[in-house]
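Here is the structure we will look at.
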Amino acid sequence: MQPSEAPVRTSLVAGGAGFLGSHLIDHLLGEGRAVICVDSFLTGSAENIARFEDCKDFTFVRQDILTPLQIERDVDEVYNLACAASPPRYQADPHHTLMTSIVGSSNLLEWAAARGARFLQASTSEVYGDPEVHPQAEDYAGSVNCTGPRACYDEGKRAAEAMCFDFLRLGRADVRVARIFNTYGPRMRADDGRIVSNFIVQALSGEELTVFGDGSQTRSFCYVSDLIEGLVRLMRVDPNPGMPVNLGNPLEFTVGELAARISRKIPSSGSVRRLPLPQDDPRRRRPNIERAASLLGWSPKVGLDEGLSQTIAWFAQCMKTTRSGAAE
Ligand code: NAD
Ligand code: UDP
């Protein structure tokens, strides 16, 4: 084969400087692909992508996806992970969050369609809102409060899904949609605001763990390496499933149980401090992953204890480095 006929093996990752995005880039570079990372650093960080700086196959473009991409490169895969994911973060500028999912996704879809690239949208379990069926399978239409404080995220992601399936129906792009359930691991921000990073940082600092409400609400926690494996399988599977696919760990825990587990693992943990439950906080969440299992041959491998140990070790190391840096 002539070099000019070599297949393009380049992925664009929007939101690549974030928690999930930076792990996805690790995986893609590890496969020998070239990667273009597009990120505004809204909630991501330069530290998350510093590890790729010396890699000749890595390119970083700092921009907000609300502006159409001006990147003149051929790619065969576009992953859209750009969107603040933590409730306090996405509620800080709700209009920007909504526009990121609608205008930003539209910009990326057009850019991918113009190149004939596959497109994967990082959607969310939040499309099910505060669900009335349990566990949640993909054919459940959801129960979202469209006027509440979470709507900027939930309705933006729902609109992005609608747009993705229109592009697919119209034959404009080969689009796949992953509905991601709560995922945790190294490289979450210490000040991200989500439960796992909050509890670990509080416990390592000897502070009380902030449990919202009575702690009886549930979530199902997926370790990051499992999630990335699922995203890549969904991008590559043939034929295109043509429907959204849940990715998450189906083991369900109450918030109170998670606090107790983290406390047991971190001897310096303080006790629990109860704070008011945020409005519209989903009461129960657990994915039905039968579709991912049958279409992708995927199921999570890392249990909560192992995943928490990895995450705690990473945060402990970061806090040690920060303290010794401050002491110098
Ligand atoms: P994150 O906040 O760590 O990463 C999001 C990244 O997108 C950040 O680097 C941020 O700077 C960037 N970004 C945000 N808005 C942007 C914009 N307008 N233009 C350019 N860059 C922008 O969050 P994450 O946990 O890594 O989540 C990644 C994706 O996965 C998000 O789309 C999120 O909705 C989705 N998701 C994550 C989870 C989870 O539990 N981690 C669950 C469901 C869905
Ligand atoms: N939560 C909590 N304490 C915290 C942060 C979160 O009790 O410091 C609760 C929150 O009310 C929710 C669950 O933990 O019920 C998961 O919250 P997170 O923000 O991680 O993600 P969500 O699934 O709500 O988007």
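Counting starts at 1 for both ligands and their atoms, following the listed order.
- Contacts between R194 and ligand 2 below 4.0 angstrom, taking non-hydrogen atoms only, involve backbone and side chain alike.
- The environment of E290 atom CD is sparse: at most 12 non-hydrogen atoms of other residues, nucleotides or ligands sit within 6.0 angstrom.
- Heavy-atom proximity to G44, at under 4.0 Å, picks out these atoms of ligand 1: 8 (C), 9 (O), 10 (C), 11 (O).
- Nearest protein neighbour of atom 9 (O) of ligand 1, counting heavy atoms only, is D39 OD2, 2.5 Å.
- For ligand 1, the atoms sitting less than 4.0 Å from at least one non-hydrogen atom of Y153 are 33 (C), 34 (O), 36 (N), 43 (C), 44 (C), numbered in the order shown with element in parentheses.
- When hydrogens are left out, the protein atom nearest atom 20 (O) of ligand 2 is I195 N, 2.8 Å; that is the closest non-hydrogen contact.
- In terms of polar-atom proximity, defined here as any N/O pair under 3.5 Å, V38 makes no such contact with ligand 1.
- Scanning all protein heavy atoms for the shortest distance to atom 2 (O) of ligand 1 gives T43 OG1, 2.6 Å.
- Set against the non-hydrogen atoms of V211, the atoms of ligand 2 under 4.0 Å away are 7 (O).
- Listed by atom number, the atoms of ligand 1 under 4.0 Å from L42 heavy atoms are 11 (O), 14 (C), 15 (N).
- Near A17, meaning under 4.0 Å from one of its heavy atoms, ligand 1 places the atoms 9 (O).
- Looking at A82, S123, G193, it is S123 that brings a heavy atom closest to atom 44 (C) of ligand 1.
- With hydrogens left out, the protein atom closest to atom 1 (N) of ligand 2 is F212 CD1, 3.4 Å, a heavy atom.
- Of the protein's non-hydrogen atoms, N182 ND2, 3.5 Å is the one closest to atom 21 (O) of ligand 2.
- Proximity to E126 (heavy-atom distance under 4.0 Å) selects the following atoms of ligand 2: 25 (O).
- Here the shortest heavy-atom distance to atom 7 (O) of ligand 1, taken over S45, G18, A14, C83, belongs to C83.
- From the protein, the heavy atom lying nearest to atom 40 (O) of ligand 1 is T183 N, 2.8 Å.
- Of all the listed residues (R273, R283, R150), R150 holds the heavy atom that lies closest to atom 24 (O) of ligand 2.
- Here the options are E252, H134, E126, Q217, the test is side chain to side chain donor-acceptor pair (under 3.5 Å), and the partner is R285; only E126 passes.
- Residue-to-ligand polar distances keep A84 apart from ligand 1: every N/O pair is separated by 3.5 Å or more.
- At least one heavy atom of P87 sits less than 4.0 Å from an atom of ligand 2.
- Taking the six-membered ring where the residue is Trp, F181 and Y128 present tilted rings, their angle falling between 30° and 60°.
- Looking only at protein heavy atoms, the nearest one to atom 32 (O) of ligand 1 is K157 NZ, 2.8 Å.
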Handout entry: Derivation and outcome, side-chain contact (heavy atoms from CB on, under 4.5 Å), residues L234 and L295
Key = CA-CA 8 Å; L234 179 55; L295 292 178; over 6 Å; no

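- For the pair D130/N145, no side-chain contact is recorded, criterion being any heavy-atom separation below 4.5 Å from C-beta on.
- Here atom 8 (O) of ligand 2 lies nearest to N198 when heavy atoms of N198, L277, V201, D214 are compared.
- Set against the non-hydrogen atoms of T100, the atoms of ligand 1 under 4.0 Å away are 15 (N), 18 (N).
- The pair D192-R187 does not meet the salt-bridge criterion, since no charged nitrogen lies less than 4.0 angstrom from a carboxylate oxygen.
- Ligand 2 lies nowhere less than 4.0 angstrom from a heavy atom belonging to Q202.
- Checking V103, L24, I180 against atom 43 (C) of ligand 1, the nearest heavy atom belongs to I180.
- Scanning the protein heavy atoms around atom 41 (N) of ligand 1, the nearest turns out to be R194 NH1, 3.0 Å.
- Heavy atoms from both the backbone and the side chain of T210 come within less than 4.0 Å of ligand 2.
- Nearest heavy atom pair, residue D74 against residue T10, reads O-CB, 3.8 Å.
- Between H23 and F19, the ring planes lie perpendicular to each other; the angle is over 60°, past the 30° to 60° tilted range.
- What sits closest to atom 29 (C) of ligand 1 on the protein, heavy atoms only, is L81 O, 3.2 Å.
- At most 12 non-hydrogen atoms from other residues, nucleotides or ligands lie less than 6.0 angstrom from CZ of R283.
- Checked by atom type and distance alone, the side chain of W298 never pairs as donor or acceptor with a backbone atom of L247 at under 3.5 Å.
- Using a 4.0 Å cut-off to heavy atoms of Q63, the atoms of ligand 1 that qualify are 19 (N), 20 (C).
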Problem - Test log, rule side-chain contact (heavy atoms from CB on, under 4.5 Å), inputs R261 and D305 - result: CA-CA 8 Å; R261 276 191 183 229; D305 264 320; 3.3 Å; yes

Practice task
Show the numbers, then the answer: is there a ring pair (Phe, Tyr, Trp, His ring centres under 6.0 Å) between F199 and F315?
Solution key: CA-CA 11 Å; F199 282 0; F315 273 110; over 10 Å; no

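- For ligand 1, the atoms sitting less than 4.0 Å from at least one non-hydrogen atom of D64 are 17 (C), 18 (N), 19 (N), 20 (C), numbered in the order shown with element in parentheses.
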Exercise for the section: Could you go through the side-chain contact (heavy atoms from CB on, under 4.5 Å) check for I49 and D39 one step at a time? Expected result: CA-CA 10 Å; I49 52 170; D39 202 296; over 6 Å; no

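- Closest to atom 11 (O) of ligand 2, if we only count protein heavy atoms, is D281 OD2, 2.6 Å.
- Here D238 pairs with R118 in a salt bridge; the nearest charged N to carboxylate O distance falls below 4.0 Å.
- Of all protein heavy atoms, the one lying nearest to atom 3 (O) of ligand 1 is F19 N, 2.9 Å.
- Checking each of V8, D76, V75 against R33 for a side-chain contact (heavy atoms from CB on, under 4.5 Å) leaves exactly one that passes, namely D76.
- When all heavy atoms of C164 and V175 are compared, the closest pair comes out as CB-CG1, 3.4 Å.
- Regarding atom 37 (C) of ligand 1, its nearest protein heavy-atom neighbour is L20 CD1, 3.7 Å.
- Residue E126 places every heavy atom at 4.0 Å or more from ligand 1.
- Between E229 and K301 there is no salt bridge, since none of the side-chain N atoms of the basic residue sits less than 4.0 Å from a carboxylate O of the acidic one.
- For a threshold of 3.5 Å applied to N or O pairs, the pair formed by S40 and ligand 1 contains at least one separation below that value.
- The shortest heavy-atom distance from H96 to ligand 1 is under 4.0 Å.
- Looking at ligand 1, you won't find any N or O of N80 less than 3.5 Å from one of its N or O atoms.
- Scanning R219, M188, R89, Q217 for the heavy atom closest to atom 23 (O) of ligand 2 points to R219.
- The pair R158-E161 does not count as a salt bridge, with every side-chain nitrogen at least 4.0 angstrom from each carboxylate oxygen.
- Side chains of C37 and S22 form no contact here, defined as non-hydrogen atoms less than 4.5 Å apart.
- Near N182, meaning under 4.0 Å from one of its heavy atoms, ligand 1 places the atoms 40 (O).
- Sparse packing is recorded around CD of Q70, with 12 or fewer heavy atoms of other residues, nucleotides or ligands lying under 6.0 Å away.
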